Number of protein chains: 2
Amino acid sequence: PLRPLPLGSTKLTGGFWLNRQRINRETTIPAAAQRLEEVGTLRNFRRAADEQTGGFAGKLFADTDVYKWLEAVAWEQAREPSTDLADRQSTTSALVAAAQDPDGYLNTYTRLALDGQRYGDLEKGHELYCAGHLLQAAVAQVRGTGDRTLLDVACRFADHLCKTFGPGRLEGIDGHPLIEMALVELYRETGTAAYLELASYFVEARGRGLLTPPGHHGPAYFQDHLPVRDVRTIAGHAVRALYLASGATDVAVETGDAELLDALQATWSTMVESQTYLTGGVGARWYGEAFGDPFELPPDAAYCETCAAIASVQWSWRLLLATGEGKYADLIERTLYNAVISGVSLDGDRFFYVNTLKVRNNAFADDQRSAVGGRQPWFGTACCPPNVMRTLSSLDQLIATSDDDGVQVQLYAPAAVRVGPIGFEVETEYPWHGTVRVRITSTPDTPWTLGLRIPAWAETHRLTVNGFEGPLRRVWAVGDEVVLELPVAARRTTPDERIDSVRGCIAIERGPLVYCFEQQDADVVLDSAAVVAGELIEHEQPNLLGGVTTVDVPTRNGTLTAIPYYAWANREVGPMTVWIREDA
Amino acid sequence: PLRPLPLGSTKLTGGFWLNRQRINRETTIPAAAQRLEEVGTLRNFRRAADEQTGGFAGKLFADTDVYKWLEAVAWEQAREPSTDLADRQSTTSALVAAAQDPDGYLNTYTRLALDGQRYGDLEKGHELYCAGHLLQAAVAQVRGTGDRTLLDVACRFADHLCKTFGPGRLEGIDGHPLIEMALVELYRETGTAAYLELASYFVEARGRGLLTPPGHHGPAYFQDHLPVRDVRTIAGHAVRALYLASGATDVAVETGDAELLDALQATWSTMVESQTYLTGGVGARWYGEAFGDPFELPPDAAYCETCAAIASVQWSWRLLLATGEGKYADLIERTLYNAVISGVSLDGDRFFYVNTLKVRNNAFADDQRSAVGGRQPWFGTACCPPNVMRTLSSLDQLIATSDDDGVQVQLYAPAAVRVGPIGFEVETEYPWHGTVRVRITSTPDTPWTLGLRIPAWAETHRLTVNGFEGPLRRVWAVGDEVVLELPVAARRTTPDERIDSVRGCIAIERGPLVYCFEQQDADVVLDSAAVVAGELIEHEQPNLLGGVTTVDVPTRNGTLTAIPYYAWANREVGPMTVWIREDA
């Protein structure tokens, strides 16, 4: 198994992701603070802190938008402290603390709208889901800034939960998982075993009929159809399913439960083989925001919630650490570059909830979440925007891992890494160019291994140490340079024949990026367009869409231009497709 | 324009549809009476009649299940009176009458659950939807039996509606259309112009923002996004959209509104060209039970609610009468034989809510409506079963139409038709065999035209009068025999290339029937199966599935057997597909 690097061990020093982090910090996070004020989410906390009742604004899980925003701010403070962010953070944290009940419980909806009545609707109430996001924000804050304000709030809340839930106490689980992984993380931070025990209880109690399914849905909607360890095909609401899988993985790792970990790995494999879009997006169904059956992956009807992509990254990260297997990092890379950052505009101020792979000609938006209407400044259910924020703010933490044998680079980006006596710098123009240079900046005088992930998409690669081929386990010297060359040239991808809706189509990929075609770049109606065999011509376009490489694909009478999928809908919003028919 | 024949003008005398009517009468309708008792729907009326409050059972529109059942019984009584049915009918009608408020309003949910508070939630309350079904049942009852009990109830209710709704009164429309066509039919029955005026108001008031969209949905969910006359692409909840279109067509016809009728015809054409499944099923999306964008027609994710297919038949029938164009009867035929009767088991006691075109390997049902779980005896929302009942009970009314020039046979079935001085008998083994014989049994001594629809699926046909080719407008003599021969041999159908999910596939059709493959008839996994070019071999199988012709389709190493789609899921329920890949 691998270990995450201590916070601060990795600094992004430039390139694709640092640019995204900069926009996230300068535009997205401040704009979100304004939205949270405008739509009343922060006012809910103020009213709760003042012991008022009534006047709750938003959806009953709105508290989590503040917690995720606080988490993002905490990671930003770890990356680069600012007094402005520190002020916002301490003001907001104090507000959260002030809204806590004397016994540790905290939920502004319950306080304002339900007269403090707790746990009356575990199916839909989201109380433990809200608690989970608070715990996660608290852990981020203490790690990122040392500020224990939220951690104290979180521990009091977690202590309350330990007293309330479990065998012989209130035997129940939350309709929306999340608390599981939050409790394990709080356990990791504090060492309090009761938090792990409660997380374990919540995982084990699932799939035993404690919840009554809502509306037309069956129990799989919230993963109560089977005990987690009996699941082999992930089902139901995608975000719930993936948060639960993440928490269950945490529990399996911390309790040494190999059977549970095996089940989770098998489920992950089925998901990747048959329930994951090319972009890494997951959740084929709008109805129930749910996973589809295996190979049910329609591009136009895809839901691919931004939060689900983020949850997929969280789960894969946990399995990567648990097993050390590169396939998990492969999915993280695919998902981050495509399904996650498609969820936010290049300017950083507009968001997709749903990340479709195709918008048809004459498509019609009758829902704020529909991509047909373009990215939105905020949502009635605003889970996705702050989830993107915390993901980008903490992205440097996913760059590398370590184990007893050395350090592994999992994602390629310009970065400086320092773990104990080991230090190195990464230089690359990834994902646009495939050359990655790693220069050793400090090293012990004993041998260690520099792990460099070879992405699954790379059919070939070339690796040299100081210009020669050679092993990556060695006694390194400061100044040693490893060069990895990955073949990022544009390629055609053919789908599994069992996916009905893309049969006879190809997609363009380039390195880790999935490409798409937008109608505005095409002379023909995309819905009827078809490409033919022939050379893919790349164009570096520094002034297009923040700087991208486009790919021209031949058709019978001209070419069609593909752009990176993440960058679509940043000019006009119109028809778009990832998959395109190929004329035989 | 065409006219419907007076009730009783057409008697089915045997064959496919009479058999379905027999099962409907002997099994489905009595079983439904029992369900309506078991689930408390009838008890709601009893409690309301007794002026009780509370204790409402079921969904807030449950009253309509009783009304649709009463409508079915009324048509059954017209076909073949029985004292048993007459007893059930008069008991139930009396109960409905007793539940009516003194001012004409009637709704057991409002009475029992809302303390009589009316029209507080026009978006979701379904009060006028319930009223509409009552009006339709009342018209059926007076036409079918002469019994005016329900008609009096309906007129009192309609009078109340006329006093309540309209310009300067309560300016509102119902979230679930239906009242429009019901009011027009009541106007046709009674001649009361106010009913037509109110229907016209409800149609015109739509698309002007009178309704607040529910949940995440936009106004198209209940067709409030555009005035009806401005719509060109049908959108939103399929049943609502089609009931509204039917009512708007009625209004257009009765008020002579050519502009409105043109808009409806254009919308119908777009629907048929790009939003209708091969089965005639409509509604591509589970989410919102809605129409998809043009060419968004995934077979596995198809919703194709049974009620939507029925509503499509109702709309096409109205347009057929309004225009005389055979394409409307073509869609009626396609929809009845495939998307409607797939909704009820061959035994008549189990129902599909959703009529999918594909069930995948390892598909999972997390919803009572999912076809993966097989047909169900009843539903929490039980709209579909009684809708099938009234459709089958009134199916003989769709066989033929008339105009000043003669009589038109729209659907081929063994039947005796008598309209004024014109009479003829139809003999056929349709849909299994393509020969249709029409023998004149009475005729005036002036010329008239016998119209025989040539289905769009028939690439050729042969037509003789007394053995010779000749015109169908003539002075007929008793004993004249017209023989129409239609080529029902199995054929391969290729989809529009813009439908992603069936690209590279073919379907088997035979006459008006769409075929499908069930896993239990295949040696290979259907999801990966492919057929090749070659002869389609037909087998008449009188002992299979109530008597069907199966079609063997060649593959590289053997054959795959197709059965009529309507008959699927009557043995084991497992993987099924209408479309199958074709190896080039």
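All of these numbers come straight from a predicted model, not from anything done at the bench. Below, chains carry the letters A, B, ... as their sequence lines are ordered, and counting in each starts from 1. Atoms considered below: every heavy atom in the structure, side chains included; atoms not considered: hydrogens, waters and symmetry mates.
- Note: Gly218(B) leads Pro298(B), Ala365(B), Gly236(B), Gly218(B) in heavy-atom pairs under 4.5 Å with chain A.
- Annotation for Lys59(A): atom NZ counts as buried by contact number, over 12 foreign heavy atoms lying within 6.0 Å.
- Taking Glu497(A), Arg369(A), Gln368(A) one by one and counting their heavy-atom pairs under 4.5 Å with chain B, the maximum is reached by Arg369(A).
- Proximity to chain A (any heavy atom under 4.5 Å) is shown, for Asp367(B), by both the backbone and the side chain.
- Scanning both residues, Pro294(A) and Asn362(B), for their nearest heavy atoms gives CD-O, 3.9 Å.
- Residue Asp583(A) places its CG atom among more than 12 non-hydrogen atoms of other residues, nucleotides or ligands, all under 6.0 Å distant.
- More than 12 heavy-atom neighbours from other residues, nucleotides or ligands sit within 6.0 angstrom of CG on Asp496(B).
- Both the backbone and the side chain of Phe295(A) come within less than 4.5 Å of a heavy atom of chain B.
- Your options are Ala363(B), Gly504(B), Ser370(B), and the one with the most heavy-atom pairs under 4.5 Å with chain A is Ala363(B).
- Considering all non-hydrogen atoms of both residues, Ser501(B) and Arg503(A) come closest at O-NH1, 4.3 Å.
- Of the atoms belonging to Glu296(A), heavy atoms from both backbone and side chain fall under 4.5 Å from chain B.
- Ring orientation note: the planes of Trp286(B) and Tyr287(A) are tilted relative to one another, at an angle of 30° to 60°.
- The contact between Arg360(A) and chain B is made entirely by side chain atoms (from C-beta outward), counting heavy-atom distances below 4.5 Å.
- Judged by distance alone, the side chain of Asp366(A) and the main-chain N or O of His217(B) form no donor-acceptor pair under 3.5 Å.
- No other option in Gly380(B), Pro219(B), Ala235(B) has as many heavy-atom pairs under 4.5 Å with chain A as Pro219(B).
- In this structure, Arg498(B) and Asn361(A) have side chains that are not in contact, with every pair of non-hydrogen atoms separated by 4.5 Å or more.
- Side chains of Asp300(B) and Asp500(A) form a contact here, defined as non-hydrogen atoms less than 4.5 Å apart.
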